[in-house]
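Single-structure report; data block below.
Worth saying up front: this structure is predicted, and the values here are computed from it rather than measured. Both counts, for ligands and for their atoms, begin at 1 and track the order of listing. When reading the values below, keep in mind they use all heavy atoms of this one structure, side chains included, and skip hydrogens, waters and symmetry mates.
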Amino acid sequence: MSIKDKVSEVLEATPKGLLINGEWRDASDGGTFDVENPATGEVLATLASATEDDSRAAMDAAADAQESWARTSTRERSDILRRAFDLVQEHKDDLALLMTLEMGKPFKEAQGEVVYGGEFLRWFSEEAVRHYGRYASTPEGNLKMIVTHKPVGPCLLITPWNFPLAMATRKVAPAVAAGCTMILKPARLTPLTSQFFAKLLVEAGLPAGVLNVVSSASASNVSGPIMEDPRLRKVSFTGSTPVGKQLMKTATDHVLRTSMELGGNGPFIVFEDADLDKAVDGAMAAKMRNMGEACTAANRFLVHESVAEEFSQKFAAKLAALKPGNGLDEDSTVGPLVEKKARDSVAEFVQDALDKGARAVVGGKAVDGPGYFFEPTLLTGVTEECRVFTEEIFGPVAPVITFTDEDDAVRLANKTEYGLASYVFTEDISRALRIGERIEYGLLGLNVGVISNAAAPFGGVKESGLGREGGAEGIEEYTTIQYMGLPSPWA
Ligand SMILES: O=CCCC(=O)O
């Protein structure tokens, strides 16, 4: 049976309502919105669209469930996460299919996201039971100190469209492990994966009210009333820097904890001593993963002037061999961009660079026909004045800029307000470590193009955000610390 034969069955099995206090229901005003396939423009499903009243109801459910959920044992939460991990494996192809349908990535790549995203469930099922406090004496010996970690409280989790499963599991799993209740707002363009994932969490035994899902055509219908509610204790957002800044301003009014995974402008630095074949493989992964629609994507290829020509030729040949097409077709290696606006924006970036003297060695334009496809593109002759140097492209476009020496490479890499992912290719370990110390990025791939992993702390510096997701650090974001002091029994 081909995966295409499963489309209607999986869409049928995906809940279309709002999950509030353990029940799937319609929006209070009966409103709906359509989810489209970016490869074909077809409507995939029609979902309930949460209103402000629905959002308040979700907030009530999360607030009411918080105290009893916080009292559950960590083993119980760990077991729920582990069952959810197993269910995600069982439904691997269903989740991958939904992602391919709603955001376009090739099916094989979507299966890879299920593996990556599922690991957050397994990782935090393991972290849940090993999150210790401490019992110690004050230096004077008069008091004993008990330091405990408590759940921060109800959280609003706002996820993006580019990794519909992994960005949800990366937030939901640590929140469950820590004992927080949640309101999940999936991206308007890609709610189906989250709706299906929520169904699996309910099946795994998550009690009513712990996870509430409010898909909506209107982001403000959800964030407005919830962010104003004094019972909310935290907001975690993955998305653009301007939206993140806006949420942070609102969060200030209630002194909310925030985790912000925002934009990037990743440099991919290739030194003259790099293994160029390895660097090209790394470049393909860092640029073309998710069609370039990743905050970790390499945005600027900074290449030493002595190897720029050879690197560009090899990289261009690999890009030219890719095949854009519907992600459900087995031979497609690049999916469409998520919507027309996204494709138009990529086209504008390329035009701006061409107008400023760059050359498209391969690609350079939208693909004719249905769907929002853009040709994998390599630009040379790019300068610091081009928008592709200063802004996040979020598409399959690789601008190459040359540098003269190590200082120049560091200067170019740091010349941005962002600081999320970066990549360095060199065979000189001392140089790699020197660059690591000098560049202002939260993530650095040394001779590798993808480093995201559930066990690693993911996050940026500067305007790329605050906080870390994943790793041992990920659970801390959902806890607060309480210190209890008591007289020492020896005093
Ligand atoms: O786009 C943001 C997330 C990318 C990743 O987790 O590797």
Side-chain angles (χ1 to χ4, degrees), residues 88 95-96 99 102-106 109-124 157-174 186-187 189-190 193-194 197 236-244 259-268 282-299 335 337-339 342 345-346 391-397 418-423 441-446 448-471 473-474 477:
V88 163
L95 286 159
M99 284 192 276
E102 65 181 349
M103 70 75 62
K105 68 182 79 187
E109 204 171 332
Q111 286 177 311
E113 181 174 341
V114 180
V115 174
Y116 170 48
E119 282 304 324
F120 288 100
L121 298 165
R122 177 153 66 174
W123 173 260
F124 284 108
L157 311 178
I158 306 176
T159 52
W161 50 261
N162 58 347
F163 290 90
L165 180 69
M167 298 303 97
T169 55
R170 194 157 81 180
K171 295 183 194 303
V172 168
L189 295 171
T190 59
T193 310
S194 294
F197 170 53
S236 174
F237 170 71
T238 297
S240 74
T241 295
V243 175
S259 295
M260 294 284 148
E261 299 294 352
L262 308 177
N265 183 0
F268 187 105
M284 287 296 289
K287 180 76 253 180
M288 294 310 298
R289 174 176 181 236
N290 226 40
M291 293 80 75
E293 294 174 315
C295 51
T296 49
N299 208 57
L337 296 179
V338 72
E339 59 178 339
S345 153
V346 171
E391 296 176 45
E392 187 172 33
I393 303 166
F394 240 61
V397 175
Y418 295 110
L420 186 58
S422 58
Y423 306 88
Y441 287 84
L443 310 170
L444 172 57
L446 296 175
V448 58
V450 176
I451 58 167
S452 303
N453 191 287
F458 183 103
V461 299
K462 295 162 76 178
E463 294 199 9
S464 285
L466 292 172
R468 292 295 178 267
E469 294 190 312
E473 293 79 1
E477 301 275 328

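- In this structure, CD in Glu261 is found 13.5 Å from CD1 in Ile158, a value given to the nearest 0.5 Å.
- Between the side chain of Lys287 and the main chain of Gly449, no donor-acceptor pair closer than 3.5 Å is present.
- We find the CG-CZ distance between Leu165 and Phe120 to be 10.0 Å, quoted to the nearest 0.5 Å.
- When only modelled atom types and interatomic distance are considered, Thr238 and Lys171 share a side-chain donor-acceptor pair under 3.5 Å.
- Using 4.0 Å as the threshold, Glu261 has no heavy atom nearer than that to any atom of ligand 1.
- For ligand 1, the atoms closer than 4.0 angstrom to any heavy atom of Tyr116 are 5 (C), 6 (O), 7 (O).
- For ligand 1, the atoms sitting less than 4.0 Å from at least one non-hydrogen atom of Met167 are 3 (C), 6 (O), numbered in the order shown with element in parentheses.
- Each of Glu113, Gln111, Glu293 was scored for a side chain to side chain donor-acceptor pair (under 3.5 Å) with Lys105, with one residue passing: Glu113.
- Each of the atoms 5 (C), 6 (O), 7 (O) of ligand 1 lies under 4.0 Å from some heavy atom of Ser452.
- In Asn290, neither the side chain nor the backbone holds a heavy atom less than 4.0 Å from any atom of ligand 1.
- For ligand 1 and Ala294, the ligand atoms under 4.0 Å from any heavy atom of the residue are 1 (O).
- Looking from atom 4 (C) of ligand 1 to the surrounding protein, the closest heavy atom is Phe163 CE1, 3.7 Å.
- Between Ser452 and Tyr116, the shortest heavy-atom distance links the atoms CB-OH, 3.3 Å.
- Residue contacts with ligand 1 do not include Glu293, since none of its heavy atoms lies under 4.0 Å from the ligand.
- Side-chain atoms of Ser259 and Glu477 form a donor-acceptor pair, as typed in the model, at a separation below 3.5 Å.
- Of the protein's non-hydrogen atoms, the one nearest atom 2 (C) of ligand 1 is Cys295 SG, 2.3 Å.
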